[in-house]
Amino acid sequence: MALQWLILTYIVAAEAVVALILTIPMPKLLKSKIVSLFSLILQPLLSIVPFAGFQIMDIYWKNEHRLMCTGEICTAAERDRYEKSIYKAQRNVVLCASACLLYWCIYRICKYHKEVQELEQVEKRYKDQ
């Protein structure tokens, strides 16, 4: 199970780097090449959204079926273990949500850049006429 969260962590880190690369100012030619490269990567990267959704459902199911440790029957170690599992689940939900959000941001940045290029081409055609 830890391998899934490690993979998701690396994917979120990679998405954050890609989003940073796409938003820094660059010359137009270089920017268009980079955006076209990342646009090709976007479709296979879409598989992260159902993966993150499945992970969130798994966290929800585990949360619903988790044994509560709030009474006086629990020892201090059991209570600490329970709280640690709650914190891990919260961290993992944030990780899943950030994976989906970063994917959407990268998609919108690429789409916005393509729309700007198309508008520039239309403007150039009107100026030539």
Determine whether Trp5 and Cys96 make a side-chain contact, defined as any pair of heavy atoms from C-beta on separated by less than 4.5 Å. yes
Any chain of hydrophobic side-chain contacts (each under 4.5 Å) joining Leu29 to Val35? no
Apart from Leu40 itself, residues in the same hydrophobic cluster as defined by side-chain heavy atoms under 4.5 Å: none
Same apolar cluster (I L V M F W Y, side chains within < 4.5 Å links), Val49/Ile59: yes
Following the transitive rule for hydrophobic clusters with a side-chain heavy-atom cut-off under 4.5 Å over Ile, Leu, Val, Met, Phe, Trp and Tyr, establish whether Leu42 and Leu37 coincide in one cluster. yes
Could you tell me whether the side chain of Lys124 and the main chain of Leu119 form a donor-acceptor pair under 3.5 Å? no
Hydrophobic clusters join Ile, Leu, Val, Met, Phe, Trp and Tyr when side-chain heavy atoms are under 4.5 Å apart, directly or via other members; which others share one with Val122? Tyr126
Would you call Lys111 and Arg108 a side-chain contact if the rule is heavy atoms closer than 4.5 Å? yes
Answer yes or no: is there a side-chain heavy-atom contact under 4.5 Å between Tyr87 and Gln90? yes
Assess whether atom CD of Gln43 is packed by more than 12 heavy atoms of other residues, nucleotides or ligands within 6.0 Å. no
Would you give the length of the straight line joining atom CD of Glu78 to atom OG1 of Thr75, rounded to the nearest 0.5 angstrom? 3.5 Å
Identify which one of Thr9, Ile11, Ile56 satisfies the side chain to side chain contact (heavy atoms under 4.5 Å, CB included) criterion when paired with Leu95. Thr9
Would you call Arg125 and Glu120 a salt bridge, taking side-chain N to carboxylate O under 4.0 Å as the test? no
side-chain contact (heavy atoms from CB on, under 4.5 Å) for Val94 and Arg91? Distances and angles first, verdict last. CA-CA 5 Å; Val94 169; Arg91 178 199 64 199; 5.8 Å; no
Would you say the side chain of Ile21 lies within less than 4.5 Å of the side chain of Phe38, judging by non-hydrogen atoms? yes
Under a single-linkage definition using a 4.5 Å side-chain heavy-atom cutoff for Ile, Leu, Val, Met, Phe, Trp and Tyr, are Ile109 and Ile41 assigned to the same hydrophobic cluster? yes
What residues form a salt bridge (Lys or Arg N to Asp or Glu O under 4.0 Å) with Glu123, not counting sequence neighbours? Lys127
For Leu45 and Glu15 the tightest heavy-atom approach is CD2-OE2, 4.0 Å
Main-chain N/O of Tyr112 paired to Glu115 side chain as donor or acceptor, under 3.5 Å: no
Ile86 versus Asn63: any side-chain heavy-atom pair under 4.5 Å? yes
When you compare the side chain of Val18 with that of Leu22, does any pair of heavy atoms fall below 4.5 Å? yes
Taking atom OH as the centre, does Tyr107 end up with more than 12 heavy-atom neighbours from other residues, nucleotides or ligands that are less than 6.0 angstrom away? no
Tell me the closest heavy-atom pair linking Ala99 and Leu8, and the distance in Å. CB-CD1, 4.1 Å
Return the minimal non-hydrogen interatomic distance between His113 and Ser32, and the atom names on each side. NE2-CA, 3.6 Å
Does the His65 side chain pair with the main chain of Trp61, one donor and one acceptor, at a distance under 3.5 Å? yes
I want to check something: taking the side chain as every heavy atom from C-beta on, are Phe51 and Ile48 in contact at a cut-off of under 4.5 Å? yes
Please tell me if the side chains of Ile34 and Met26 come closer than 4.5 Å, counting only heavy atoms from C-beta onward. yes
When hydrophobic residues are tied together by side-chain contacts of less than 4.5 Å, even through go-betweens, does Tyr10 share a cluster with Phe54? no
